[in-house]
Protein chains: 2
Amino acid sequence: MERVLNKVKAVSMNDVQRNLHLPRFLPYRLTKLSGVISRSLAGKYSALFDLTIHEWRIVAILGSEPGLTAREIGPLASLDKVSISRAVEKLHKAGRLEKRTLKDDRRSAALYLTAKGKAVLADITPLAQKYEDDLLAGFTPEEVEQLDHFLNRLDAAAEARK
Amino acid sequence: MERVLNKVKAVSMNDVQRNLHLPRFLPYRLTKLSGVISRSLAGKYSALFDLTIHEWRIVAILGSEPGLTAREIGPLASLDKVSISRAVEKLHKAGRLEKRTLKDDRRSAALYLTAKGKAVLADITPLAQKYEDDLLAGFTPEEVEQLDHFLNRLDAAAEARK
DNA sequence: GGATTAAAGTTACAAATGAAACTACTTTTT
DNA sequence: AAAAAGTAGTTTCATTTGTAACTTTAATCC
């Protein structure tokens, strides 16, 4: 398949090695883009609510699916168990979530947002939505759909050759 | 504009607060995707060549534009001066680049890849290209073009509201 | 049913990252 | 031309993140 993303000015046929052009290299672009967006979101909201991005993900997930255990949250939030343990601990100390040890497996606990936790979620959700909407403000619904599709396919391809 | 990416099943008109659905939240998806890709690339090549992603970026840039200073590389590689200083130092120690102090400003140095540095670049470039090609293997040239366009627009939007 | 293996979550240690202070040099100001 | 302010790059220190080892409980295996 033709390599369009890194296409450069025509090179002589004797060039053995075409240079890789960093600003057009997909992994670099994605890292850069996600970095700018994450820093922007974190700068605006995380500091404001004393909430890291990892905590934010957990709160968002527990908002839709209360009672999940740490292990179940892992794949949903793309977080390893250490990150989850730390974030859950901090949320717990802040009184934003409650742990209920499972009767049939005392190693794990079902996690629930407290009123405080729900309040944080309610506060941040519209801001996060607004941020996403702004990012996509220039996109038609069809384009958003297509972007969605592209991201799914890239994700699948990346997972496949992980 | 309609929020299509986070569209969920119809909710009752009395729902004051729609839940944010994390797996469809664009910032989350981009972070996750770039993370999978970066880890995959780093796992395959960085360890193999003892080269961090930051060093790799600098090598790639110096490959196309020899003689840049640390400061000039910064914006091109999206790296702050501390990261550059550390990466350049490591490349220098490894004999992969050469520093030539500028005559007219002895604080900075023009940076050049040595033969060793060029060899590393020549080794990695085709692997990186291959990885990108594989990611995009399912995309038609038109789709690649469109993805390119989307990423540019997202980047501009994100930078604008940074 | 007691020993072995495995799983959930935590803790401890090492490496990476970020922010601020610092050094050496250059430019601007008076 | 001396003093002040600014810039390039480095170093230091604090925080974050990742890996491995550990603790507790549960499941599996003779």
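Each chain gets a letter, A, B and so on, in the order its sequence line appears, and its residues count up from 1. Since the model is a prediction, treat every value here as computed from it, not as a measurement.
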> Please say whether the positively charged group of Arg153(B), taken as NZ for Lys or CZ for Arg, lies over the ring of Phe139(A), i.e. under 6.0 angstrom from the six-membered ring centre and within 45 degrees of the axis.
yes
> Is the shortest side-chain N to carboxylate O distance from Asp155(B) to Arg29(A) below 4.0 Å?
no
> What pairs of residues pass the salt bridge (charged side-chain N to carboxylate O under 4.0 Å, His left out) test when at least one of them lies in residues 63-76 of chain A, not counting sequence neighbours?
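Every candidate salt bridge (charged side-chain N to carboxylate O under 4.0 Å, His left out) pair involving residues 63-76 of chain A fails, so no pair, neighbours aside, qualifies.
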> Can you tell me the distance, in whole Å, between the CZ atom of Arg106(B) and the C1' atom of dT27(C)?
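It is 16 Å, rounded to the nearest whole Å.
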> Quick one: sort the Phe150(B) and Phe150(A) rings into parallel, tilted or perpendicular, breaks at 30° and 60°.
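Tilted, since the angle between the ring planes falls between 30° and 60°.
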> Over how many whole Å does the gap from Asp104(A) atom CG to dA8(C) atom P extend?
13 Å
> Residues in side-chain hydrogen bond (donor to acceptor under 3.5 Å, both in side chains) with Arg100(A), at least two apart?
Glu98(A)
> For residues 81-90 of chain A, which side-chain N or O atoms pair as donor and acceptor with protein atoms under 3.5 Å away, sequence neighbours left out?
{"residue": "Ser83(A)", "atom": "OG", "partner": "Asp80(A)", "partner atom": "OD2", "Å": "2.9"}
{"residue": "Lys90(A)", "atom": "NZ", "partner": "Glu55(A)", "partner atom": "OE1", "Å": "3.4"}
{"residue": "Lys90(A)", "atom": "NZ", "partner": "Glu55(A)", "partner atom": "OE2", "Å": "2.6"}

> Return a table of donor-acceptor pairs under 3.5 angstrom between the side chains of residues 41-51 of chain A and protein atoms on other chains or two or more places apart.
{"residue": "Lys44(A)", "atom": "NZ", "partner": "Arg161(B)", "partner atom": "O", "Å": "3.4"}
{"residue": "Ser46(A)", "atom": "OG", "partner": "Leu51(A)", "partner atom": "O", "Å": "3.0"}

> Provide the start and end nucleotides, 5' to 3', of the part of DNA chain D that has atoms under 4.0 Å from heavy atoms of chain B.
dG6(D) to dT12(D)
> Let me have a per-nucleotide readout for nucleotides 9-17 of chain C, 5' to 3', with B, S or -, counting only protein heavy atoms under 4.0 Å.
BBBB----B
> Return the minimal non-hydrogen interatomic distance between Ala77(B) and Leu22(A), and the atom names on each side.
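Answer, listing the atom of Ala77(B) first, then Leu22(A): CA-CD2, 4.5 Å.
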